[in-house]
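A short write-up of the structure that comes next.
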Amino acid sequence: MIYLDNAATTKPKKEVIDVMMPFLTEQYGNPSAIYSFSAQNKTAIQKARKQVAELINAKENSIYFTSGGTEADNWALIKTAEAYEEKGRHIITTKIEHHAILHTCDYLEKRGFEITYLGVDNDGRISLEELKQAIRKDTILISVMFANNEVGTIQPIEQIGEIASEHGIVFHTDAVQAFGHVPIDVEAMHIDLLSASGHKIYGPKGVGCLYINNSLKISSLIHGGGQERARRAGTENVPGIVGFGHAAMLAKETLKERMEKETRLRDFFIKELFNRISDIKLNGCKENRLPNNINVSFPYVEGESMLIMLDMQEICASSGSACTAGSIDPSHVLVAMGLSSDEARESVRFTISDETTEEELRATVDAVETIVSRLRSMSPYYDN
Ligand code: PLP
């Protein structure tokens, strides 16, 4: 199998599984218990908190473990909105956010909050000017994703943070795709809230965190016991948290070399695709792009058909399109970037890992070339 869907999820590292194993077997104690058997688990959670904090230059006590990126996004938006609603009910976000943000915004709109959705340019970047113009007296929150999950475009996060802080507005970033893949410094970038997830960094699924700047007074989303310093109730997912922490530590140690390797492989793959296949288009920004993301539109080739044919050759990739009620909805991200519905439906996303090899990418280009020529030869519109 050739796995090129690492933005969907990554293969957990053996090392990560190894550190988790004791907590799935012998060290099963509830971290809240008083006896020393359980105290080890409390210590393990603290160690993981430190490992996660160090990856983004945060204070240890500003990291709160959650069930993943989705919960962190819900928490950040809903509880900031509630905490600041006396000041105002206006929130700014973008049209290209993950559904964990967009659907939470729908929910907040139904509760009477007003949301401004910033557009993006052809590269998928927001305009800082537009952001400044969108700010109002009653704006309480700006939520802009660090890097996009479909096209890998990285936003000017530091500048957005500066603008938010100059106006005294809370700044949240969904960094699920960027965390552990590019450098992040919550202090230097003026980030107040940041969502991250374990399974995108070779860690386990079902665990993530919300970074909350200590000056913010946002309350719990999940009510119950006093875990996570009474801010996130529920018995801790100790194996998951330990695995997430270890994955974060590995990500910090290997960040530079992974970025270099992935950037080289990404650019090699793009070059090979363009050399071998005519009339294709790279989606997303060339410069400000995640090192692991390649998103390409293949005119006259339906992305879903390409994915099925790649799957027959055991190659895993994906598209941003969603199949609803029998028809294929084009990706909201690509449409916001100015692609037509057809161009959006003709796009495929390949996301590499630190274990992807040049041989795998060569084999994928061979497969893609054959599939494109087969599908185009069947298209009544393509001038063969
Ligand atoms: N935000 C972004 C940008 C994502 O890519 C994802 C997952 O793909 C999420 C949020 C949701 O994270 P999780 O799967 O941990 O709930």
Side-chain angles (χ1 to χ4, degrees), residues 3-12 16 48 52 55-56 63-78 93-107 117-118 120 124-126 143-155 157 160 172-182 184 191 193-211 221-222 232 234 237 240-241 243-245 247-248 251 284-285 288-295 316-322 331-334 336-337 349-353:
Y3 185 75
L4 297 176
D5 200 16
N6 287 278
T9 198
T10 55
K11 178 183 171 189
V16 169
V52 168
L55 183 54
I56 54 172
I63 302 295
Y64 297 87
F65 291 113
T66 64
S67 63
T70 301
E71 183 189 325
D73 284 345
N74 273 262
W75 187 3
L77 264 54
I78 294 170
T93 187
T94 80
K95 289 183 178 166
I96 62 161
E97 299 293 313
H98 189 271
H99 285 121
I101 295 290
L102 293 178
H103 289 165
T104 306
C105 286
D106 289 346
Y107 165 76
Y117 296 90
L118 298 174
V120 292
R125 301 247 294 178
I126 66 157
S143 180
V144 176
M145 69 197 322
F146 205 112
N148 182 266
N149 45 302
E150 289 185 34
V151 292
T153 298
I154 299 172
Q155 298 297 335
I157 291 297
I160 298 169
H172 166 252
T173 186
D174 173 345
V176 168
Q177 293 291 337
F179 179 83
H181 292 277
V182 290
I184 301 179
I191 296 168
L193 295 158
L194 177 145
S195 310
S197 180
H199 71 107
K200 312 286 185 182
I201 58 163
Y202 313 103
K205 294 174 184 57
V207 61
C209 73
L210 181 65
Y211 155 79
L221 180 71
I222 310 278
R232 200 281 184 176
N237 170 8
I241 290 171
F244 180 34
C285 187
N288 301 295
R289 186 184 199 102
L290 287 176
N292 67 352
N293 176 292
I294 300 109
N295 187 311
C316 308
S318 81
S319 76
S321 312
S331 138
H332 67 284
V333 174
L334 296 175
M337 285 165 57
R349 177 188 75 178
F350 304 90
T351 41
I352 59 180
S353 81

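Position 1 is the first residue of the sequence, and the numbers go up from there. Ligands are counted one by one from 1 in listed order, and the atoms in each one are counted from 1 as well.
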OH (Y3) and OG1 (T10) are apart, to the nearest 0.5 Å, by 7.5 Å
Side-chain contact test, heavy atoms from C-beta onward, threshold under 4.5 Å: evaluate it for T153 versus R125 and give yes or no.
-> yes
Should the ring pair F244 and F65 be called parallel, tilted or perpendicular, given that the plane angle runs from 0 to 90° and is split at 30 and 60?
-> perpendicular
Let me know which protein residues bring a heavy atom to under 4.0 Å of ligand 1; chain then number is fine for ordering.
-> G68, G69, T70, D73, H98, M145, N149, D174, V176, Q177, S197, H199, K200
Do other residues, nucleotides or ligands put more than 12 heavy atoms under 6.0 Å from the NZ atom of K95?
-> no
Which heavy atom in L221 sits nearest to a heavy atom in E71, and how many Å separate them?
-> CD2-O, 4.0 Å
Can you list the residues that meet the side chain to side chain contact (heavy atoms under 4.5 Å, CB included) rule with K11, with sequence neighbours excluded?
-> E355
